[in-house]
Every structure is written in C-alpha cells, then in structure tokens.
**Q** 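Provided herewith is a single structure, encoded as structure tokens, for subsequent inquiry.
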Amino acid sequence: MFERSRKGERALLLLPQLAGAHDPAALVEFTELARSAGASVVGSLGARIERINPRYFVGSGKAEELKMHRQALDADLILVNHALSPVQERNLERLTECRVVDRTGLILDIFAQRARSHEGKLQVELAQLKHMSTRLVRGWTHLERQRGGAIGLRGPGETQLEMDRRLLGERVKQLQRRMQKVETQRATARRSRSRNALPVVALVGYTNAGKSTLFNTLTGADVYAADQLFATLDPTLRRLDGLACGPILLADTVGFIRDLPHDLVAAFRSTLAEARDADLLLHVVDAGDGERDQRIADVETVLAEIGAGDLPQVLVFNKIDLLDAEPADGEAGAPQARNTPSSITPRLDYLDGGRLPRAWLSARDGVGLDGLREAIAGCLGAQRVQADLHLPSDCGRLRARLHAQGLVAGEAAEESGWRIRIDAPRNLVEPLFGLPHGDGEWLRRHVG
C-alpha cells in the first residue's frame, strides 16, 4: 500500500476512447471539469480502448505508460474520463502509487463543493455514500479478521469492513428518510403554486450554457453565475411579470452534462422535479458551441430519464454576442457556428411547422429578450384557459370543485348565481370535463 497525497491539486488526465468513438471536445470538457473541482491540470494521456481490460480498464501497457507520465509530471492525482469499477480504480492506484478518481467521483466532488442549501447537501451526500459503498473492499486489511476466540478478544464478531458497510448503510437510510421529508415539502409547495394558477417555466440546458445569467437578466435576481461547470446546483424560483400571458414563475435548475452519474440523477430527482413538473421548458444552448447539437441531445436524454421529455420547449440559443469573434488559427475546440453570420442577429424563428420556437439572444448583453418573452407568451397562452363564467345557482357543486382545484381567479355573487373568473393551466381544467351530473359537460361547453 502507499500513502495517498492529501493535496490532490496537480492532476494528470487519462482520456479513454472506445473503438469507433471519436470526440475531440471530450478533452476540453473534462479539463473544465477538473478545473471546476479546483485541480491544476499538468498533463493528459489518451488511450484507445479496443477491449476493456478488467484489471485496469485500459491495457496493461497503457497503464505502465500512465505510471511513467505520473512520475515525470509529479502529479498527485489521476482523473479518468470514464466510470471505473472499484477493482479497476484500486489496481490503478496500486500501480501508479497515486490517488485515482473516475468521472463519477469527480462530478460528485464538484457537486459537494457547490451545494449550498440543506436539500442540496443531503442529495450530494446520499449520492457520495452510494458511490463509496462499492469502494470499501480491502480498505482495512489490517483489521479484517473477526474478533473472538481468546480472552480479551471476544467482540461483536464483525470484520471492520462489515462494520463500515453497516454504518454506511444506516447513514444512507437516515438520509433517504430526510430526503423523503424534503420531497414532501417540495410537492406541497408545487401544489400551492398550482392552486395559485401561476405557470412554471423551467430553465434547463447543458452546464455553462448561461442559464443563471439569463435568469438574472429576466428577473433581476442575483443568482450566482460564473464561467464554470455546475456553477448552480440549487433551484431558484422568481416571479416574472410583464408577459402577454400574465405572470409566471421562472425556475433556474442544475445544468446537465453527458454521462451524468445515475446515482446523482436519482439523488437530485426532487430538484429536477422543478423541470419535470414545469408547464414549459426553456432549453438554453450555447450558440457558439461547435458541439451544440450533441449537447442538445445529451440534455434531451436526461430530460427523458426524469420524465420531462414530452414537455413543450423553447430552444434558447444564448451567447450570440460571441458568434462574431473569429477563432484563432489552430484554436482547439473552436465552435463551427462562429462563422455563421446569420446566427448573430437576435430573432425568433420556428421549427417543426411552427411548433418549436427558437430564440436567438445574448443574456449577458440583454439583447433578443423580447423575442423570448413573445415565445413564452405564445406557448403558455395556448396552454391556459381564461374565461368569465356565469354559474347558475344550481351549479354549487361545480363551483365548489373549481375552488377546490384552485382554478378560480376571481368571483362575484349575483342574484341568479355567481360570476367566476377562471385563469388556469389547461391541463388542470380539462380533467374536470368528465365530472358527473352534467357539470363536466357544462364546463366543456363554456371553456372548451
């Protein structure tokens, strides 16, 4: 065994590429991940994988080459751009005599640094413990024998490894119970917003696409925004007025990334529910990213995983202020879209026969926001029911149901009944069309 360095700042990157897969942007993104975690990247090493080595993941020759690179660069940390099994991670550590962290562990570390709210910290710790639970093997070889059999040595009869697993399992159960309470509180808050008939619009997109900057520009909030991956973890909601469709609640959510660890997606399910339960998604895209089509596909994959794949969307191409900057000769990862002159004009256009709006804007400079507001109003206007109803006095049962569902925006009593103002999402109104005793049919005729 060896003494692991506690510094962990000088990082050597290992970039495995499976046969047939070529992604030139992988190095740039993984380097940004490493820097976001606070590491200083001192070098990188590519590795073509024809067949996964069960011992090291990479071939034994490449593993020896990694060891020599680590020694030459005096790195105290090796970051691997792929998920490793506990055995592979342990074997690489023994060979290189250096701490090894795979892609999942690196993302979890970034999340642990950025979580600020009580809920966010619980979610990160839960994901970390689940990841750690598979990496306890042979961590305590000097204490693995069971106690007992002689005077003074009779004890609980557990190995140190079993005790660690039991304690870790108890902590996981405790965190899961706390998370259930938090999820219940969030669900109550979402039901309250539904009763207030305010539609929720969620900002989603690849990490570092400019969601928080757009959120601050639209709402005047002061959410932390920086040019780094996963700058925002905890969801923030603000009311946004001045739209043709009426006021809305705008939600800023955590950014997505390719190969997001499944444990992290599961742990952040309650946070991502702000996107899943939204009435409209604003899918923010870095317009100057040469891999933007792949980024869009990665986000769509995560949205489908959390149950938000079928929600209506507005594609928001942000950072058009950078599109007119010509890349330097030989610049690695230079966006192909930078040379598209038509893309630098703020505008609103439509795809898929007018069903998918695209807004081109710069959140930093505040240009193109009118087109985005128009797109939001157009999408939500078609999804809301706004009507003035005269309910006869014999429709008391229907009136009570409308109040119970939180659909009534205003009411005035009249001699022959009630004058009721409805302003609510259509998906809350349409289920009432099936009410018995003719109430549902009456409602359909007047608002359908």
Side-chain angles (χ1 to χ4, degrees), residues 21 23-37 81 103-104 106-108 110-111 114 201-218 223-236 250-262 264-265 268 271-272 274-276 278 280-306 308-309 311 313-323 332-338 340 343 351 356-364 372:
D23 187 359
L27 173 60
V28 176
E29 180 181 276
F30 195 58
T31 302
E32 286 302 315
L33 275 175
R35 289 172 177 165
S36 295
N81 190 24
R103 181 183 178 88
T104 301
L106 177 62
I107 294 177
L108 288 173
I110 296 173
F111 273 54
R114 304 282 165 75
V201 178
L203 290 164
V204 298
Y206 210 78
T207 183
N208 205 29
K211 297 183 301 300
S212 296
T213 302
L214 179 59
F215 183 85
N216 290 338
T217 303
L218 287 172
V223 172
Y224 178 69
D227 184 17
Q228 58 186 14
L229 303 186
F230 299 120
T232 302
L233 289 187
D234 302 313
T236 306
L250 189 64
D252 186 19
T253 62
V254 62
F256 301 154
I257 196 170
R258 74 178 78 183
D259 302 324
L260 194 63
H262 289 286
L264 203 55
V265 173
F268 273 74
T271 300
L272 297 174
E274 296 295 349
R276 183 190 63 209
L280 177 66
L281 300 179
L282 301 185
H283 185 165
V284 184
V285 181
D286 182 351
D289 191 340
E291 301 291 326
R292 70 186 186 197
D293 290 339
Q294 181 61 44
R295 303 286 185 260
I296 292 174
D298 292 334
V299 172
E300 294 290 350
T301 298
V302 179
L303 288 175
E305 187 174 349
I306 65 174
L311 292 178
Q313 289 188 22
V314 175
L315 277 175
V316 182
F317 288 93
N318 187 27
K319 303 186 182 181
I320 63 171
D321 52 291
L322 301 178
L323 288 176
Q336 300 173 0
R338 291 184 186 273
T340 308
S343 297
L351 294 177
L356 180 59
R358 299 190 307 175
W360 300 79
L361 54 82
S362 169
R364 188 193 68 177
L372 177 59

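We number each residue from 1, following the sequence as shown.
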**Q** Between Leu281 and Val314, does the side-chain contact (heavy atoms from CB on, under 4.5 Å) criterion hold? Intermediate values first, please.
**A** CA-CA 6 Å; Leu281 300 179; Val314 175; over 6 Å; no
**Q** Closer than 4.0 angstrom, basic N to acidic O: yes or no for Asp286 and Lys319?
**A**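 Salt bridge: yes.
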**Q** To the nearest 0.5 Å, what is the distance between CZ on Arg292 and CG on Leu315?
**A**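 If we round to the nearest 0.5 Å, Arg292:CZ and Leu315:CG are 10.0 Å apart.
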**Q** Could you tell me the separation between the OG atom of Ser36 and the CG atom of Asn208, rounded to the nearest 0.5 Å?
**A**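 It comes to 7.5 Å.
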**Q** At what distance, to the nearest 0.5 angstrom, does CG of Leu280 lie from CD of Gln313?
**A**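 Reported to 0.5 Å precision, the distance equals 8.5 Å.
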**Q** Less than 4.0 Å between a side-chain N and a carboxylate O, is that true for Glu300 and Arg295?
**A**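 Between Glu300 and Arg295 there is no salt bridge, as every charged N stays at least 4.0 Å from the carboxylate O atoms.
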**Q** Which is it for Leu250 and Leu218 under the side-chain contact (heavy atoms from CB on, under 4.5 Å) test, yes or no, and what are the steps along the way?
**A** CA-CA 9 Å; Leu250 189 64; Leu218 287 172; 3.9 Å; yes
**Q** Of Leu356, Val299, Leu203, which meets side chain to side chain contact (heavy atoms under 4.5 Å, CB included) against His283?
**A**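 Among Leu356, Val299, Leu203, the one that satisfies the side chain to side chain contact (heavy atoms under 4.5 Å, CB included) with His283 is Val299.
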**Q** Is it true that Glu291 and Tyr206 share a donor-acceptor pair across their side chains at a distance under 3.5 Å?
**A**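 No, no side-chain donor-acceptor contact under 3.5 Å.
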**Q** In Å and rounded to the nearest 0.5 Å, what is the CD1 to CH2 distance from Ile320 to Trp360?
**A**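 Here the interatomic distance stands at 8.5 Å.
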**Q** What residues form a side chain to side chain donor-acceptor pair (under 3.5 Å) with Asn318, not counting sequence neighbours?
**A**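 Applying side chain to side chain donor-acceptor pair (under 3.5 Å) to Asn318 gives none.
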**Q** Does a side-chain heavy-atom distance below 4.5 Å link Val204 with Val284?
**A**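 With C-beta onward as the side chain, the pair stays apart.
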**Q** Can you tell me how far apart CD (Glu32) and CD1 (Ile110) are? Round to the nearest 0.5 Å.
**A**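 It comes to 10.0 Å.
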**Q** Are Leu282 and Leu372 side-chain neighbours, meaning at least one heavy-atom pair lies under 4.5 Å?
**A**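 In contact.
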**Q** Quick one: OG on Ser212 to CG on Asp252, what's the gap to the nearest 0.5 Å?
**A**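 The OG atom of Ser212 sits 3.5 Å away from the CG atom of Asp252.
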